[in-house]
Every structure is written in structure tokens, then in C-alpha cells.
Engineer: 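Take this structure first; my questions come after.
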Number of protein chains: 2
Amino acid sequence: MTVRRQPLSQTQTRVLDLLSAAGRPLSAYDLLGKLRGEGVNAPPTVYRALEKLVREGLVHRIESLNAFVACSTPHHHDMATFAICDQCGLVTELTDRPLQEQLAAMSSRSGFHATRMMVELRGHCAACAAKAHGHGASDHAH
Amino acid sequence: MTVRRQPLSQTQTRVLDLLSAAGRPLSAYDLLGKLRGEGVNAPPTVYRALEKLVREGLVHRIESLNAFVACSTPHHHDMATFAICDQCGLVTELTDRPLQEQLAAMSSRSGFHATRMMVELRGHCAACAAKAHGHGASDHAH
DNA sequence: CGATCGGATGTTATATCATAACATCTATCT
DNA sequence: AGATAGATGTTATGATATAACATCCGATCG
């Protein structure tokens with residue numbers, strides 16, 4: 001299932017595995033923390049691995065969190081949509097073809113040629129919205 | 001036209017004016033640079049002013065640039081769409097009601113309750129796309 | 001084989017973005 | 001006067017990201 005266009009290096013594989021295992025966004029420094037003692041001691045190595053993984057479409061960068069997640073369905077679409085719960089930190093990758101088409105249409109209608117489209121929704125996931133029955137939201141996230 | 005729900009302080013007004021005059025995204029430190037010598041000497045003041053302006057819907061934060069722009073049509077929508085040219089740095093704020101509705105629909109369909117929706121397109125504006133007739137793209141942006 | 005090249009990594013230093021924590025000041029309301 | 005809310009100042013630090021340059025290693029080719 002997991003199609004890898006290019007072979008991944010040791011570090012790249014480790015980073016991807018860590019992100020997959022986490023199942024949530026990790027910052028470059030979160031990853032660096034987990035890789036210390038495995039011969040990775042400085043930010044550039046992590047950022048370079050992430051850069052490669054993003055190029056390959058295996059990892060997404062979530063701009064509003066300054067963090068990275070393993071792509072749930074590696075496909076290299078240059079289009080990612082995320083719903084980010086500000087309460088519990090849950091991040092869900094959504095796929096919505098019509099939305100992508102509409103974005104592309106809006107984009108080209110204005111003469112803009114999009115190479116990357118980011119959609120990030122902030123709010124509360126179903127579970128947290130249910131819990132918050134009116135009593136104040138005491139945001140956490142992270 | 002410009003509806004201000006709350007009166008703005010001196011600093012807040014200056015920041016908004018600087019952003020409006022710039023007509024492009026400025027970082028908090030860009031603003032700080034312009035405000036030194038006007039009694040503003042430290043980041044927190046700028047960030048606090050920006051925070052207020054964003055709350056009021058007068059300024060948007062562009063996540064993928066870590067920068068701020070004056071809202072082209074102050075309305076407090078919690079929804080912003082930007083097309084960012086990676087070549088010349090031009091940032092255009094787009095409004096597309098159907099897109100907003102579709103996003104809201106997709107969001108609620110999955111039980112997610114969105115309080116903020118961010119859409120950022122990266123690519124080339126019409127002018128730059130026209131210029132780049134095949135000869136290599138030598139990205140600039142900033 | 002030895003040369004060369006691309007890709008990955010190491011290493012050091014620094015740039016850039018953002019906030020914590022605490023003090024002060026002023027306007028307004030009571 | 002006392003209380004409150006909002007804005008700001010000030011110092012320090014935390015968090016994120018990259019520049020610049022050196023090295024290493026495996027593949028390819030003459």
C-alpha cells in the first residue's frame with residue numbers, strides 16, 4: 001500500500017515511523033528529542049528528513065501548529081485538509097474531492113496557479129463538542 | 001465603512017495603519033522595526049496589538065508566512081482565504097461564499113465544530129505565471 | 001581502479017518568531 | 001478612595017528554522 005517513490009534513508013525512515021506511531025502532529029524538536037541518542041543531534045538533520053518526506057508526500061506540515069504529521073493516505077496531492085481540535089489536540093485529515101475542485105476552480109478563476117493548497121480548520125472535535133455542553137471551554141491542545 | 005467595534009489604542013492604530021500602508025504581509029518584527037523610536041521597543045507590545053486586531057477582525061494572520069495583513073474587507077468572518085505568490089510575494093485575499101459553505105458543511109458532516117477556517121494557496125499569481133513561460137522558476141517571495 | 005557526483009549527514013552558529021512573568025499607568029465606574 | 005479593566009513597559013527566555021561549510025558514502029563511468 002505504502003508506495004515509496006524514492007528509497008528512504010535511515011533517518012528519514014525513523015522520522016516517518018515516529019510520526020506514524022505518534023498518530024498526531026509532532027514538532028521538529030519533538031522528533032529531535034526522540035532521535036537524540038540515535039546519532040541525531042542537531043535540528044538540520046531532522047528538518048532535512050522532514051523536507052524530503054514532505055516532498056515525497058508522506059508527511060504534511062501543519063502550518064498553524066508548526067508541526068508535522070504522517071499523511072494518512074500517501075498520495076502526493078499537494079492538497080491537505082486538517083481539522084484540529086483546540087481542546088484535545090486531535091488532528092484529522094479530511095479528504096473532500098469537491099472541495100479540492102472548488103478551490104482549484106476559484107484559484108484559476110482569478111488567474112492564480114496554485115501548486116499547494118492548505119486548509120486548516122480549528123475548533124472542537126465531535127467528542128469535545130459533546131463534552132462542552134455549555135460549561136466554559138478550557139482549551140488545551142498541543 | 002470600516003466598522004470598529006472597540007476603540008483602538010494608539011499602538012493598535014499605528015500597527016493597523018502600517019499594515020494597511022504596506023499592502024502586503026508584515027511580520028511582527030517588521031512592524032517592531034517600524035515602531036522603534038515611537039516608544040515601542042519590545043515584541044510583546046506588537047504581538048498584543050496584533051492579537052487585538054485579529055480578535056476584532058481587522059487583521060489576519062497568515063500561518064504559512066508567520067505574518068500579518070490588514071483585512072481587505074473587515075468583517076470578522078473567522079474565515080480567510082489567501083492566494084500567495086511564491087515568486088513576487090503578492091498576497092490576495094479571496095472571498096468565496098460557496099467555498100465557505102462547503103467547508104462548513106464538510107466540517108460539520110464529520111461532527112467537527114469549526115471556529116476558524118484557514119485556506120492558504122501557494123503558487124504563482126497571474127502576472128508571474130505569465131512571465132514564467134517555461135524558463136525556470138527562481139522563487140523569491142517574502 | 002580512481003574520479004566524480006548526488007544525496008545525506010554532521011557541526012557550529014545564528015536568525016527568526018513568540019511568550020512568560022511581573023511592574024506600572026490610566027481611565028472608568030462605584 | 002478603592003476596584004477593575006485594558007494597555008503598555010521591561011527583562012528574560014522559549015520555540016522554531018536555516019545558513020554555511022565540512023565530511024562521508026554509494027553509484028556510475030571513463
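To find a chain, count down the sequence lines: A is the first, B the second, and so on, and within it residues start at 1.
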Engineer: Provide, to the nearest angstrom, the distance between the CD atom belonging to A:E56 and the P atom belonging to C:dG7.
Structural biologist: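 After rounding, the gap between these two atoms is 12 Å.
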Engineer: Could you state the atom-to-atom distance from CG of B:D30 to P of C:dA18 in whole Å?
Structural biologist: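 Taking atom P of C:dA18 as the reference, CG of B:D30 is at 11 Å.
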Engineer: C:dT9 P sits how many Å from A:L32 CG, rounded?
Structural biologist: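 Taking atom P of C:dT9 as the reference, CG of A:L32 is at 13 Å.
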Engineer: Between B:R61 and C:dA18, does any side-chain N or O lie under 4.0 Å from OP1 or OP2?
Structural biologist: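 Yes, B:R61 has a side-chain N/O under 4.0 Å of OP1/OP2 on C:dA18.
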Engineer: Nearest whole Å is fine: how far is C:dT9 P from A:L31 CG?
Structural biologist: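 The answer, rounded to whole Å, is 14 Å.
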Engineer: Under 4.5 Å between any side-chain heavy atoms of A:E120 and A:I62, yes or no?
Structural biologist: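 In contact.
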Engineer: Pick from B:L31, B:T45, B:L16: which one makes a side-chain contact (heavy atoms from CB on, under 4.5 Å) with B:L50?
Structural biologist: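 One option only clears the test, and that one is B:L31.
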Engineer: Angle class for the B:H113/A:H124 ring planes (parallel below 30°, perpendicular above 60°, tilted otherwise)?
Structural biologist: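 It falls in the parallel class, under 30°.
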Engineer: To the nearest Å, how far apart are A:E51 CD and D:dA19 C1'?
Structural biologist: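 So the CD-C1' distance, A:E51 to D:dA19, works out to 13 Å.
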Engineer: Less than 4.5 Å apart, any side-chain heavy atom of B:T92 and any of B:L94?
Structural biologist: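 They are in side-chain contact.
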Engineer: Measure CG/A:L26 against C1'/D:dA17 and give the value in whole Å, please.
Structural biologist: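 Going from CG in A:L26 over to C1' in D:dA17 covers 17 Å.
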Engineer: Find the distance B:L65:CG to C:dA18:P and express it as a whole number of Å.
Structural biologist: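 Taking atom P of C:dA18 as the reference, CG of B:L65 is at 11 Å.
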Engineer: Could you tell me how far apart A:L8 (CG) and C:dG7 (P) are, to the nearest whole angstrom?
Structural biologist: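 After rounding, the reported distance stands at 14 Å.
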Engineer: How many angstroms lie between CD in B:E51 and CZ in B:R61, if you round to the nearest 0.5 Å?
Structural biologist: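 Here the interatomic distance stands at 11.5 Å.
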Engineer: Respond yes when some side-chain nitrogen or oxygen of B:N66 is under 4.0 Å from OP1 or OP2 of C:dA18, and no when none is.
Structural biologist: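 So the side chain of B:N66 is within the cut-off, an N or O lying under 4.0 Å from OP1 or OP2 of C:dA18.
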Engineer: Report yes if a side-chain nitrogen or oxygen of A:Y47 is closer than 4.0 Å to either non-bridging phosphate oxygen (OP1 or OP2) of D:dA17; otherwise report no.
Structural biologist: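 Checking D:dA17 against A:Y47, a side-chain N or O does come within under 4.0 Å of OP1 or OP2.
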Engineer: Any Lys/Arg nitrogen of B:R109 or A:D96 sitting under 4.0 Å from an Asp/Glu carboxylate oxygen of the other?
Structural biologist: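 Salt bridge flag = yes for A:D96 with B:R109.
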Engineer: Would you mind building the protein contact string for nucleotides 7-14 of chain D? One character per nucleotide, 5' to 3', B for base within reach (heavy atoms under 4.0 Å), S for sugar-phosphate only, - for untouched.
Structural biologist: SBBBB---
Engineer: Under a 3.5 Å threshold, yes or no: a donor from one side chain and an acceptor from the other, between A:S64 and B:E63?
Structural biologist: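 No, no side-chain donor-acceptor contact under 3.5 Å.
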